[in-house]
Every structure is written in C-alpha cells, then in structure tokens.
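Have a look at the structure below before the remarks.
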2 protein chains.
Amino acid sequence: MATGRNHRPATRSRGIPEATVARLPLYLRALTALSERSVPTVSSEELAAAAGVNSAKLRKDFSYLGSYGTRGVGYDVEYLVYQISRELGLTQDWPVAIVGIGNLGAALANYGGFASRGFRVAALIDADPAMAGTPVAGIPVQHADDLDRIISENGVSIGVITTPPGAAQQVCDRLVAAGVTSILNFAPTVLSVPDGVDVRKVDLSIELQILAFHEQRKAGEDTAADSAPDPAAPPVRATTTSRKGPDGDMPAVMPA
Amino acid sequence: MATGRNHRPATRSRGIPEATVARLPLYLRALTALSERSVPTVSSEELAAAAGVNSAKLRKDFSYLGSYGTRGVGYDVEYLVYQISRELGLTQDWPVAIVGIGNLGAALANYGGFASRGFRVAALIDADPAMAGTPVAGIPVQHADDLDRIISENGVSIGVITTPPGAAQQVCDRLVAAGVTSILNFAPTVLSVPDGVDVRKVDLSIELQILAFHEQRKAGEDTAADSAPDPAAPPVRATTTSRKGPDGDMPAVMPA
DNA sequence: TGTTGTGAAGCGGTTCACAGCA
DNA sequence: TGCTGTGAACCGCTTCACAACA
C-alpha cells in the first residue's frame, strides 16, 4: 500500500511470497548504504537491524532467493546488492510516465530518489493545455491528447497517476489501453483494471486515518477504560431498533 | 502501505484487527460518496464493490465494530458513516505538523483531501531560515529551531516528515521529544522510535520497485520459461564457492 | 425472501529453534 | 565456534457456507 493493497491475490510469484517482495527494496536500501561505506560482509542480525526487521524473517526472505550467505560469516554485500537488484528487475531501465502535473505530480517529477535506481521519468502528461510545453524538473509537459502516442513511443509500462480523483479512472483506462501494465495511484479512487494489470495505491488520507485510530486509543487509555459517547450529535438511524455496539455505544435516538 | 509497515506487532486493538482498521478509511470514502448522492441504505455487496474488496470481508470487518446492519436490507449509510468516523477518531480535530517544506511538503500542505476529514495542517516547519515567514498554502513556514514550542502550542500529536533522508531521524527524535506520538514518514529512512509511538511510512521508491518486480515477471512469461542471465556484469563474490540460485543463476565468476 | 453476522476451515506469513556447514 | 538455512509450530487474516432474522 502503501500501504493496504489493491493488488493481485497474495499468491507466490515464482515461489517468492508477496510479503518478501515488499521487503526486498528495504534490504536493498540498507545494503546500498553498506556498500557505499565499503563494508564487505554483513550478518543477518546487522542487516536486519538496519532494515528494521527481525533477523529470522530476513534469513527466511533471502532463502527464497537462494543460498547467498556463508555460514559462520554472513552475506557478501556487493553480491547481495546485485542479486536483489536482479530479482526486482532493477538491472534494466524502467521508463515511467507521470499523469497529472499538479503540486504532487511536480513534486514526484523533482524527486531525486526516483531516478537513482532503475527508474527514469520519461514523460509528464497533463490535461491542461496551458501547461503543455512548460518544463517541470527539466522535462516538458505534454498534453493528455497525445497520451497513447507518448506511452508507446517511450515504451512506458509503469504509469503514475497524480490527477484529481474524478479523472483517475479515465486516465487509468487510457494508460492501460496504451499498454501500461503497472500503475501507481496517488488519487483517492478505487481503480478497476483488467487482469494482468497491477495497481498499487498511495493514499495520504488513509495513512493519517490509521494513525488517528491508534492515536485515539492512546488518548483513551489515559482516561477511563471505556470511552464516553462522543459529544458530537450522531445521526439517528432510519429504523429504531436495538443496536449492539462493543462499547461506547449510544442509544438509537441520541439526546441532545 | 502504503505500503510495508514499520509498525507495532499486529495485535488487535480493542478487538479490531489491524487489517480491518486499514480498510475502514476505504469504506468511509465509499460511504461518503453514497451519502452525497443521498443513498439511504447499501448492501454489503454494493459497498464492497465500491470499496474494492469482497463482501464477506466487509461484513466480517463490520462485525468487529458491532451489529450495524439490518438483515434482508443492508446498512444505513449515514449511521455507518458516523460509526466508522467515530471508530477512527475522526469526530475530533487532529492538528498536523509537516516538517520539511520542499516540493513534497508543499504539495501535501496544498493537498485538499487533507483537511476534509478531521485533519488540519496546524504548522509547517523547515530548517531553511530563508523560508521562515514565507506562506505555503496560506500557512507561514516556521523555523525548525522553534519545533518544540510549535508542537506544544498547537497540541500536535501527528507529525509528517518530508525532509531529506539525512535529517529524518533527527527530526523524528525532536518531534517525539516534543510530544508527537504518531508519525507519517515520507523520507526513505528506517526510523527508530520509543514504544508507544506509531510510525507509518510512504515510500514511492519501494512501491515502484514492487511494481518492477511484477512487471519483470510479466515480461519473462512472454519469452522463455527461465530468464536468461542478465547481460550486465555482476560483481564477483569474494569467496569462490558454488552458489545455489533457484533459476537464472550465474557462475561465481562471470565470463565477460 | 434477501441480506447480515459468524463459526469453522483454509491459507499465507511470522517466529521458533536447531540442524548444517564454513 | 558462529552464523546461515529451514522444518515445524504458531498466529492472524481471508474465505466459505450457512444459520439467524428483519
């Protein structure tokens, strides 16, 4: 999901569990940092600490890739960087198109970490004719009318959607029609796509709401064990029936 | 979350599974849309379709909150909007501070969906003195020196980190010291925090790498069953030992 | 009749604990 | 001796299938 996942069922891809795939980039980042410090080998314990996971999980993850460690010693950093990069498909270049060049789209276009590892911003696309030609992050914005051609000519297979929610599904459909088979969606919209197309979503609002849930619980622990009914007036249900809430419940008709 | 989660162990919070909590915002969004269209009731099937999940999962999720439906009829939209909002803690106001007002920080500050539901950008903080006072999205940027005071005065308990990776841990420490107990981290860094502090991370780079993994697999299916060794020269391992890769393996010493 | 609510089965992932090996 | 690799136990989530009931 970032985050939650609008994604294929969690079957294994060539024997590698989805959860493991999601952690490989984490390991890769930690290993890259070690590599830059010219550290030759690393133990599962050390690497796990750097990646923020526990060592048993890391070893299990690596075991799906093959036996790349040396017992009694650890893992060869450079070798592992290469193996994970290869497994993730980062030894090749991935041209990416960003559709919707508002604040967020522009921020992503300018994001440095983007290009650093296998990805390259090949095109910026927006529906506003006034933006056409204007360079953002050194890349000229092209008009959405040419979306199909732009995708084809650049061999784009990964699209990033940063449009307003109302436009997201339509943009998605056009991207898919043009040949895009992986989509990273920043719009707060549930996208429907044909089989064979992967969608991952990043949603700031959802992340905040999850944090708010836990935050509320923390606050509740300080006071009484059960939270008092909320002061805000709740809507009254259409039918007046007894309701069974776990706790902090309220009567069907709320007194003002 | 988005993606992968640097998070507390997946124990249940007041009986509500973490996976369910992560979906509640999705249901809430779909319900809000129905509410705006003045739809009075909705079945689990319909709502599930709108939220992009299956109906059995939705019913199970709702069962953790209580018995809020009516058999043979469905769920009262307004009532459910309120119950989920309350469960997520959105009936109260959450002041949020954004630290690091670069492209991304500014984009988030301008993001409309932010304020719409319970959250309010209470402060923008940056380490660059030149930015101090400059308004972004109508909110003046304040200097990081005053971070502690700003957090306290505004009662901020949720912090958003959009700094460069090198500054993220330090900013995190200062936020936590000032009383922040929930952090949304956009920096590609593993944050370490004391118990009781929640961290969620959003990482564009990780999401893209996961997509690339699957994209590579799709491409591989078209050609031969096993992927040919990558043309790029792999690093040679320090020790020359037989390696056991699942397939597409390469000899310890790669011929040019 | 139509839809919810939920035991129970199934499944994927995590953790444990130790055998295997440099 | 020390660290990896992994079977097995465990755990939480998903899915199934149907009883409960407005």
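Within every chain, numbering begins at 1; the chains are lettered A, B, ... in the order of the sequence lines, protein sequences first and strands thereafter.
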Show me the donor-acceptor pairs, under 3.5 Å and distance only, between side chains in residues 50-57 of chain A and residues at least two apart or in other chains.
from    : atom 1 : to      : atom 2 : distance (Å)
A:Asn54 : OD1    : A:Ala56 : N      : 3.0
A:Asn54 : OD1    : A:Lys57 : N      : 2.9
A:Ser55 : OG     : A:Glu45 : OE1    : 3.4

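In the set C:dA8, D:dG5, C:dT4, the nucleotide with an atom closest to the side chain of B:Lys60 is C:dA8. Distances from the side chain of B:Tyr64 to the nucleotides D:dT14, C:dT6, D:dG5 place D:dT14 closest.
Phosphate proximity of C:dC18 to A:Arg59: absent, as no side-chain N or O sits under 4.0 Å from OP1 or OP2. OP1 or OP2 of D:dT14 has not a single side-chain nitrogen or oxygen of B:Asn54 nearer than 4.0 Å. OP1 or OP2 of C:dT15 has at least one side-chain nitrogen or oxygen of A:Lys57 nearer than 4.0 Å.
Between the side chains of A:Glu36 and A:Thr32, no donor-acceptor pair is found at a separation under 3.5 Å. For the residue pair B:Gln83/B:Tyr79, the side-chain donor-acceptor check at 3.5 Å is satisfied.
Looking at residues two or more places apart in sequence or on another chain, you find a side chain to side chain donor-acceptor pair (under 3.5 Å) between B:Glu215 and A:Thr181, A:Ser182, B:Lys218.
Side-chain atoms of B:Arg71 come within donor-acceptor range of the base of C:dT4, with a qualifying N/O pair under 3.5 Å.
Of all the residues in residues 31-46 of chain A, A:Ser43, A:Ser44 reach under 4.0 Å from DNA chain D with at least one non-hydrogen atom.
If A:Ala56 and B:Gly72 are placed on DNA chain C by their nearest nucleotide, the residue sitting closer to the 5' end is B:Gly72.
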> Do A:Thr91 and A:Arg86 pass the side chain to side chain donor-acceptor pair (under 3.5 Å) test, and can you show the C-alpha distance, the side-chain angles, and the key distance before you say yes or no?
Replying inline: CA-CA 6 Å; A:Thr91 50; A:Arg86 187 175 60 89; over 6 Å; no
